[in-house]
Amino acid sequence: MIAIEIIEAKNPDRIGSYTFYHNKINLGSSIKDHIFIEDESMVSSHLNFFIENDKLYVSFNETVKQIHVNKKISTATKILKKNDIVEVDTLSLKILDYSLTSFPGKKDYLNKRVQELPAKAPELIELLQELAE
């Protein structure tokens, strides 16, 4: 989970808090980015936030020369902490929270859901047994 707050942006509609239940998010000018920023100074995947070994990191697109973290220039991937302020171009954001989110594998998830079926939908058990044969 990564939670950030955009505190300054060229487009005021982007200001606010965002929480993602992912271990990696990106912010940039592409609609494929988790946070889409309409700004000519931005590129796709302008900023990349990721959790590794219980630490939050920020990296940036190779076209970006530098960012500021707590008013200090950074030219490489940087470890972030809660309440750090990241600034790039016309954008300013604050790290609200982060934690490593583990997701169950597809097989584990499906097995758990099948075990819940008798209580939730007993009429489906017979149908599933017929399909399995």
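Sequential numbering from 1 along the given sequence is applied to the chain's residues.
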Check salt bridge (charged side-chain N to carboxylate O under 4.0 Å, His left out) between E62 and all other residues, then give those that pass, not counting sequence neighbours.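 Not a single residue meets the salt bridge (charged side-chain N to carboxylate O under 4.0 Å, His left out) criterion with E62.
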
Run the salt bridge (charged side-chain N to carboxylate O under 4.0 Å, His left out) test against K82 and tell me which residues pass, sequence neighbours left out.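 For K82, the residues satisfying salt bridge (charged side-chain N to carboxylate O under 4.0 Å, His left out) (neighbours in sequence not counted) are D97.
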
Tell me who clusters with V43, hydrophobic residues only, linked when side chains sit under 4.5 Å apart either directly or through other members.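 In the cluster with V43 there is nothing else; it is isolated.
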
What distance do [X] atom [atom1] and [Y] atom [atom2] have between them, rounded to the nearest 0.5 Å?
| X | Y | atom1 | atom2 | result |
| --- | --- | --- | --- | --- |
| L27 | F60 | CG | CZ | 13.5 Å |
| I25 | M1 | CD1 | CE | 10.5 Å |
| L56 | I2 | CG | CD1 | 5.5 Å |

Would you please name every residue forming a side-chain contact (heavy atoms from CB on, under 4.5 Å) with I85, sequence neighbours left out?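 Partners of I85 by the side-chain contact (heavy atoms from CB on, under 4.5 Å) criterion, ordered by chain and then number, come out as I7, N70, E87, S92, K94.
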
Residue list, side-chain contact (heavy atoms from CB on, under 4.5 Å) with I73, at least two apart or on another chain: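 Once residues adjacent in sequence are excluded, the partners of I73 under the side-chain contact (heavy atoms from CB on, under 4.5 Å) criterion are Q66, H68, T75.
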
Which residues pass the ring pair (Phe, Tyr, Trp, His ring centres under 6.0 Å) test with Y57, not counting sequence neighbours?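 With sequence neighbours excluded, Y57 shows a ring pair (Phe, Tyr, Trp, His ring centres under 6.0 Å) to F50, given in chain and number order.
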
Donor-acceptor under 3.5 Å (S29 side chain, S44 main chain):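 Side chain of S29 to backbone of S44, a donor-acceptor pair under 3.5 Å: yes, one is there.
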
Residue pair H46 / D39, side-chain donor-acceptor N/O under 3.5 Å: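 Not at all, the side chains of H46 and D39 share no donor-acceptor pair under 3.5 Å.
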
Are the side chains of L93 and L47 in contact, using a 4.5 Å heavy-atom criterion?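 Side chain of L47 against side chain of L93, heavy atoms only: contact under 4.5 Å found.
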
